[in-house]
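The next block holds one structure in the form of structure tokens; read it before the comments.
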Amino acid sequence: MWLKDSSIGRKFVMSISGLALVLFLLFHGCMNLVLVFSEKWYNIICETLGANWYALIGTIGLAFLVLVHFCYAIYLTIQNRAARGNDRYAISGKKEGVEWESENMLVLGIIVIGFLVLHLYNFWFKMQLAEITGGATAPLEDAANGAKYVIALFTTPVCGQIYCVLYLIWLCALWLHLNHGVWSALHTLGWNNLVWQKRIKVIGTIVATLVVLPFLIVVCYYFGVGVGMLC
Amino acid sequence: MAKKEEIIEAAKETAKKVAVKAAQKAVEVASEVVAEAKEALEKAAPEANAKANANAIITPEMAKIPAGPLELKWTNYKNHQKLVNPANKRRLDVIVIGTGLAGASAAASLAEMGFNVLNFCIQDSPRRAHSIAAQGGINAAKNYQNDGDSVYRLYYDTIKGGDYRAREANVYRLAEVSNNIIDQCVAQGVPFAREYGGLLDNRSFGGAQVSRTFYAKGQTGQQLLLGAYSALSRQIGKGKVKMYTRYEMLDIVLIKDENGEPRARGIIARNLVTGRIERFFAHAVVVGSGGYGNTFFLSTNAMASNGSAAMQMYRHGALFANPCYAQIHPTCIPKHGDFQSKLTLMSESLRNDGRIWVPKKLEDAKRLQAGEIKGRDIPEEDRDYYLERRYPAFGNLVPRDVASRAAKERCDKGYGVNNTGLAVFLDFSDAIQRLGKDVVAQKYGNLFQMYEKIVDENPYENPMMIFPAIHYTMGGIWVDYELQTSVKGLFCIGEANFSDHGANRLGASALMQGLADGYFVLPYTIQNYLSDQIGVPRMSTDLPEFAEAEKAVQDKIDRLMAIQGKRSVDSIHKELGLIMWDFVGMGRTAESLKTAIEKIDALKKEFWSNVYIPGEANALNNELEKALRLADFIEIGRLMAVDALHREESCGGHFREEYQTPEGEALRQDDKFSYVGCWKYMGEDKEPQLIKEPLDYEFTERKTRNYKN
Amino acid sequence: MDQYIDIKVRVWRQAGPKAQGHFETYELKHVFQGASFLEMIDILNEQLVAEHKDPVTYDHDCREGICGMCSMYVNGHPHGPDSAITTCQLHMRKFHDGETITVEPWRSRAFPVIKDLMVDRGAYDKIMQAGGFVSVNTGGVPDANAIPIPKPVADEAMDAASCIGCGACAAACKNGSAMLFVSAKVSQLALLPQGKIEAAARAKAMVAKMDELGFGNCTNTGACAAECPKSVSLANIARLNREFICAKFKD
């Protein structure tokens with residue numbers, strides 16, 4: 001199977017799974033943004049994406065994508081380290097035009113995954129999973145009132161601000177990951193040439209920013225709200 | 001009536017008597033003459049024999065030149081040569097030494113035909129052979145530019161450029177197959193430069209008035225070699241070529257056939273990584289090992305380029321032809337210090353747009369040498385564009401030998417433009433003004449960049465400095481029309497042989513000759529030999545001939561390793577290089593050549609008694625490799641001097657100062673030296689014997705080369 | 001202006017493929033900055049030979065930046081701290097008086113060290129043998145001008161073809177990937193009509209061989225193109241990916 005056995009095949013899988021996750025994040029971010037404008041609408045969205053069959057399939061799909069992306073990343077990294085050989089360079093100079101993030105995708109990915117776990121614990125676990133299991137695991141009084149919960153989490157004095165800062169770190173890592181990941185995925189799929197070389201990197205940066213921006217706005221907004229409550 | 005009869009009778013009698021007497025006298029005289037002649041003959045015999053030897057001659061028949069008109073010779077040859085059928089080809093092994101344009105193309109073509117090929121190179125990959133460094137281009141008589149080119153014109157330019165010292169039949173064949181080469185390379189995916197219409201572009205080169213040079217940026221040699229390398233790689237992948245990289249041939253193995261005639265049957269080679277000496281058998285051996293320019297230490301050749309394969313052939317009876325014809329390329333980056341390891345060539349194509357000059361005034365030259373001013377500071381009217389002045393018709397595009405000598409002449413007079421006084425300017429300011437910097441950059445950008453990296457000066461702003469350097473050797477192992485040496489079964493192709501360039505090679509012709517030999521000549525002609533070999537079984541490498549050859553190689557290595565003297569290999573090589581450049585260089589005299597021979601003999605003694613080689617013989621040992629090559633360079637250097645001394649004329653790359661016109665142009669002596677000077681090895685430390693192959697120009701009139709008008 | 005400088009050279013010494021390697025530091029006095037880097041190594045070797053020590057083994061041949069033989073990792077860069085050149089074109093004017101220069105061999109599993117700074121790059125040849133050619137025999141080909149090729153296409157093919165097979169791309173890559181090398185050849189031949197016919201088969205065969213020989217997976221860091229002495233473009237890798245993925249989908 002070429003998706004497993006050939007280097008380009010493996011990279012193809014990384015690209016496709018990565019791009020799919022980017023699309024999801026874009027959607028997720030937009031959804032979050034709604035919260036800033038209207039709690040009611042946010043809750044409607046939450047409800048729509050509760051314990052429905054399509055939301056469930058989506059969730060399973062996402063989990064699969066993350067798993068594939070993650071496992072392939074580990075597999076590729078192990079292979080790549082082996083390809084380097086046993087002796088490392090004593091001195092490794094800075095290479096012109098090589099982005100830092102491109103050489104540290106795994107580290108960035110792990111940071112992203114780490115926060116993903118926290119995120120799942122805080123939200124998915126308490127929101128969608130709670131609905132699915134019918135509130136058996138839910139500490140929330142009202143699983144459907146996501147807005148209230150989210151606002152509470154980010155604005156609770158001190159604890160909420162710490163969350164905000166953690167999320168900022170996560171967003172930084174995500175932006176760096178995507179800043180290389182998006183154009184790299186397109187490149188791996190073959191969508192690049194001499195003329196588009198620079199443009200495609202710019203597109204990558206724009207997409208990374210578009211993905212991160214909604215999340216960032218939400219976090220910053222409630223950080224502000226939280227700090228206001230503190231004063 | 002009766003009286004009348006009597007008178008007749010009497011007359012008859014008298015006549016008879018007179019006749020008899022005369023006859024008797026004649027017989028007497030005749031026998032005397034015979035006796036005298038016999039006596040004279042007896043007296044003269046030893047002298048005559050010696051004379052006959054000294055004038056040993058290779059006839060066109062011996063050189064296997066086909067009969068018939070010039071343009072039909074190759075066709076006739078191909079029509080009548082013997083072929084080997086496919087089933088038999090599988091049973092025949094051919095060793096090819098070298099993976100340059102000639103070696104790689106020959107190995108690939110022979111394998112495609114069905115022969116089993118064993119291919120050897122000293123580098124880590126066949127793609128590294130020094131053909132890769134050729135920059136400018138490759139000639140072909142395509143006449144795509146509609147400027148009047150033809151096979152005949154390419155032939156004529158090559159013969160004329162070679163100063164009428166090449167074989168007509170060979171050169172014509174070369175011009176004929178030149179077109180096939182371009183077709184072949186394009187089919188292989190060689191990205192030649194193209195015009196906007198999508199068709200192939202051409203540029204012009206020295207010694208021609210048409211644009212017939214095909215090119216791929218400034219990397220034509222690289223692209224052509226990679227084409228041949230890819231064809232070779234394909235055959236290696238198929239298993240038809242067995243590739244041996246990092247192997248160096250150290251001897252050729254000859255085995256006598258049933259008639260007692262020695263034939264090349266294999267080689268002894270050293271695995272350069274392990275140091276092991278190994279034996280290889282084949283039905284024929286083809287050598288495409290390049291030229292011997294590194295005899296001069298400083299040359300444009302690669303560091304590992306060497307003449308050892310040629311010397312091995314020579315020692316086994318192959319003739320070394322015209323060793324003194326070495327080409328000095330006019331446009332190289334000048335030497336900058338004693339530590340220098342090689343000279344870098346700037347492509348001849350630069351002379352398309354660059355103008356060569358030195359200052360008109362000696363004081364300007366002095367200030368340049370002192371570093372007080374730069375080339376751009378000298379006003380137009382004080383510049384001496386000496387090539388344009390001396391050779392109005394060809395200007396900056398005169399052949400290489402002419403351009404080199406002209407540069408030397410100016411520098412000898414004190415007009416040199418760098419700190420050593422050994423450089424002239426190659427100026428692009430006109431071209432930049434005419435075409436714009438972008439166009440110039442597009443054409444020559446990579447060469448300009450190379451120059452800037454080495455010299456640390458921007459050639460767009462300040463004229464380049466250039467000086468002649470040893471570049472190519474026209475001389476080489478003598479081969480017949482079939483590219484076979486005087487040893488049966490031993491073939492020699494590419495720069496390693498002597499065949500096509502006469503006394504001087506035109507630019508962009510080396511690539512043409514290498515590929516012509518490898519793709520289109522040898523694969524045909526070798527069959528004429530191999531067709532007789534189909535009955536010869538593969539021989540064991542345990543035969544005594546192999547064992548002896550291996551032992552001789554081992555003994556030589558042991559002898560070198562045992563010297564443990566005080567001098568490094570490079571220091572002796574540099575000394576040889578200086579001797580060659582000073583005494584066998586651009587201007588030679590009988591006196592300088594005699595000095596060279598003396599000095600080389602002394603250096604040989606020094607080498608064999610005082611060289612130091614560290615490390616072990618049976619391991620990777622670069623110093624040992626270099627020492628083995630240097631031992632042969634010393635012999636070649638001497639042979640070059642001997643040949644140059646005997647050739648009392650100036651022609652092409654060989655300039656004897658005694659033989660020049662009042663204007664300083666080369667003066668050929670066609671009545672005495674219109675022959676190929678072939679040297680036969682007579683034994684260690686013995687003078688080689690001269691054998692001549694007369695060059696009777698049947699189809700072309702010999703003229704004094706004229707690039708003036 | 002070029003000066004004379006004193007330097008220290010820290011060179012990787014390794015007796016053989018299996019031997020343990022180590023750094024050795026040598027002092028060199030009065031080195032002219034106009035000398036090339038390899039000429040400096042020559043001077044060092046002359047010094048070592050004079051002291052009856054084993055000279056540093058390294059690959060080099062044409063010394064004009066085209067054969068691709070030289071292969072040194074100088075101060076953390078393949079071919080040293082200068083752009084678009086090979087080690088043989090690197091000059092001592094890039095270094096200053098008193099500097100310690102670290103010289104290492106290419107380090108990549110597919111390029112095992114033979115001795116000191118000399119590595120075995122036979123893997124690149126094997127990839128070429130797997131498909132880096134147009135399958136034409138000598139003779140019987142059409143006229144060179146039979147198929148016009150647009151100049152921009154020919155130029156792009158030429159740029160890809162300028163690869164010298166030195167191995168700097170794999171050596172510079174943190175993943176030990178040979179993608180730039182493979183893609184340069186695949187690109188060159190896929191661009192030209194002569195090579196297009198076999199383009200899909202070629203991409204598959206060369207990538208399969210590359211993977212088999214233990215090169216890593218490309219993660220598009222761009223280190224290869226940044227360090228390539230011939231400035232071969234990353235865009236070639238995109239073309240290789242395209243050719244390969246299309247070929248696989250067609251199967």
Side-chain angles (χ1 to χ4, degrees), chain B residues 108-109 112 123-125 127-128 130 132-133 142 144 180 182-184 186-189 191 193-200 216-217 219 222-223 226 230-231 233-234 236-237 245 273 302-304 336-337 339-342 344-345 449-450 453-454 456 519 523 568 570 612 614-615 620 622-623, chain C residues 2 32 34-35 38-39 42-43 46 49-50 52-55 57 59-69 84-85 89 91 93 114-115 120-122 124-125 128-130 132-139 141-145 148-151 154 157-158 161-162 165 188-189 192 194-195:
Chain B
S109 302
E112 284 162 11
Q123 296 90 350
D124 73 329
S125 161
R127 68 182 293 155
R128 316 254 187 242
H130 199 54
I132 204 150
K142 283 284 196 187
Y144 283 159
N180 302 19
I182 304 302
D183 300 341
Q184 185 66 34
V186 167
Q188 286 171 344
R194 287 179 183 265
E195 288 164 352
Y196 282 98
L199 300 181
L200 291 163
K217 270 196 174 168
Q219 291 143 266
Q222 181 201 24
Q223 293 312 313
L226 293 182
S230 68
S233 293
R234 178 167 160 246
I236 298 172
T245 58
V273 175
M303 301 306 287
H336 56 257
F339 50 81
Q340 189 138 5
S341 56
K342 81 155 269 162
T344 304
L345 177 79
Q449 181 229 20
M450 188 156 90
K453 293 283 181 194
I454 294 173
D456 200 22
Y519 283 132
S568 72
D570 276 357
Y612 171 71
L620 197 161
N622 288 156
E623 293 295 308
Chain C
D2 293 336
F32 187 57
L38 295 187
E39 281 163 356
D42 286 341
I43 295 170
E46 282 288 290
V49 170
H52 285 209
K53 286 183 188 155
D54 195 21
T57 301
D59 268 326
H60 64 108
D61 200 18
C62 80
R63 297 212 178 184
E64 42 190 276
I66 195 76
C67 77
M69 191 104 174
I85 50 151
Q89 293 174 299
H91 278 66
R93 61 181 74 95
I114 295 173
K115 190 182 175 189
D120 180 3
R121 284 165 291 188
Y124 272 13
D125 284 330
M128 284 292 291
Q129 287 153 19
F133 45 76
V134 177
S135 299
V136 288
N137 283 355
T138 304
V141 295
D143 185 85
N145 259 350
I149 302 172
K151 184 173 163 57
M158 176 62 225
S162 62
Q188 176 208 339
L189 296 179
L192 300 170
Q194 288 83 4

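Heavy-atom basis, side chains included; hydrogens, waters and symmetry copies ignored. Worth saying up front: this structure is predicted, and the values here are computed from it rather than measured. In the text below, chain A, chain B and the rest are named by the order of the sequence lines, each starting its count at 1.
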Worksheet item: Does any non-hydrogen side-chain atom of C/Pro55 lie less than 4.5 Å from one of B/Glu623?
Response: yes
Worksheet entry | When B/Asp570, B/Leu226, B/Leu345, B/Leu620 are compared by non-hydrogen pairs under 4.5 Å with chain C, the top option | B/Leu620
Worksheet item: Any side-chain heavy atom of C/Gln188 within less than 4.5 Å of one from B/Pro191?
Response: yes
Worksheet entry | Derivation and outcome, side-chain contact (heavy atoms from CB on, under 4.5 Å), residues B/Lys217 and C/Ser162 | CA-CA 9 Å; B/Lys217 270 196 174 168; C/Ser162 62; over 6 Å; no
Discussion item. If you count heavy-atom pairs within less than 4.5 Å of chain C, which of B/Thr245, B/Asn622, B/Thr344 leads?
Written reply: B/Asn622
Worksheet item: Which of the residues B/Tyr196, B/Phe339, B/Tyr519 is involved in the greatest number of heavy-atom pairs with chain C at under 4.5 angstrom?
Response: B/Phe339
Fill in: Max heavy-atom pair count under 4.5 Å with chain B, selected residue of C/Val141, C/Asp59, C/Val134, C/Asp61
C/Asp61
Item to complete: Please test B/Gln188 against C/Leu192 for side-chain contact (heavy atoms from CB on, under 4.5 Å), starting from the C-alpha separation and ending with a verdict.
Response: CA-CA 10 Å; B/Gln188 286 171 344; C/Leu192 300 170; over 6 Å; no
Worksheet item: Can you find a pair of side-chain heavy atoms, one from C/His91 and one from B/Asp456, that are under 4.5 Å apart?
Response: no
Worksheet item: Any donor-acceptor pair under 3.5 Å linking the side chain of B/Gln449 with the backbone of C/Ala84?
Response: yes
Fill in: Spacing of CE belonging to C/Met69 relative to CD1 belonging to B/Ile132, to within rounding of 0.5 Å
11.5 Å
Worksheet item: Is it true that a side-chain atom of C/Glu39 and a backbone atom of B/Ser341 form a donor plus acceptor pair closer than 3.5 Å?
Response: yes
Discussion item. Out of C/His60, C/Gln129, C/Met128, C/Lys115, return the one with the most heavy atom pairs under 4.5 angstrom to chain B.
Written reply: C/Gln129
Item to complete: Nearest 0.5 Å please: distance from the CG atom of B/Leu199 over to the CG atom of C/Asn145.
Response: 4.5 Å
Response to the item:
Pair count under 4.5 Å, heavy atoms only, with chain B: among C/Gly68, C/Ala157, C/Pro150, highest is C/Gly68
Practice prompt. Taking salt bridge (Lys or Arg N to Asp or Glu O under 4.0 Å) as the test, write out the residues that go with B/Arg194, two or more places apart.
Written response: none
Discussion item. Looking only at side-chain N and O atoms, does C/Asp143 offer a donor or acceptor that is under 3.5 Å from a partner on B/Tyr144?
Written reply: yes
Worksheet item: How long is the gap from CE on C/Met158 to CD on B/Gln222, to the nearest 0.5 Å?
Response: 6.0 Å
Worksheet item: B/Gly237, B/Ser109, B/Ala187, B/Ala133: which one forms the most heavy-atom pairs within less than 4.5 Å of chain C?
Response: B/Ala187
Fill in: Side chains of C/Cys67 and B/Gln123 in contact at under 4.5 Å (non-hydrogen atoms)
no
Practice prompt. List the steps and the verdict of side chain to side chain donor-acceptor pair (under 3.5 Å) for C/Glu46 and B/Ser568.
Written response: CA-CA 7 Å; C/Glu46 282 288 290; B/Ser568 72; 2.8 Å; yes
Discussion item. Return the CD to OG1 distance between B/Gln184 and C/Thr138, rounded to the nearest 0.5 Å.
Written reply: 4.5 Å
Item to complete: Indicate yes or no: at least one non-hydrogen side-chain atom of C/Val136 is less than 4.5 angstrom from one of B/Glu112.
Response: no
Item to complete: Could you check which of C/Gly195, C/Gly34, C/Ala130 has the highest count of heavy-atom pairs closer than 4.5 Å to chain B?
Response: C/Gly34
Worksheet, complete the sentence: Heavy-atom nearest pair, C/Ala144 first then B/Ile182, reads CB-CG2, 3.7 Å
Item to complete: Quick one: do B/Ser125 and C/Arg121 satisfy side-chain contact (heavy atoms from CB on, under 4.5 Å)? Show the steps, please.
Response: CA-CA 8 Å; B/Ser125 161; C/Arg121 284 165 291 188; over 6 Å; no
Worksheet entry | Toward chain B, the part of C/Ile149 with a non-hydrogen atom under 4.5 Å | both
Discussion item. Between C/Gln89 and B/Met450 (side chain of the first, backbone of the second, donor and acceptor by atom type, cut-off under 3.5 Å), is there such a pair?
Written reply: no
Response to the item:
d(B/Asp124 CG, C/Asp125 CG) to nearest 0.5 Å is 7.0 Å
Discussion item. Within the 4.5 Å heavy-atom criterion, are B/Pro614 and C/His52 side-chain neighbours or not?
Written reply: no
Discussion item. At a 4.5 Å cut-off on heavy atoms, which part of B/Gln223 comes close to chain C: side chain, backbone, both, or neither?
Written reply: side chain
Worksheet item: Distance from B/Arg128 atom CZ to C/Ile66 atom CD1, nearest 0.5 Å?
Response: 11.5 Å
Discussion item. Suppose we screen for salt bridge (Lys or Arg N to Asp or Glu O under 4.0 Å). Which residues come up paired with C/Arg63, at least two apart in sequence or across chains?
Written reply: C/Asp42
Worksheet entry | Option that, when pairs with chain B are counted at under 4.5 Å, heavy atom only, ranks first among C/Gly139, C/Gly165, C/Ala154 | C/Gly165
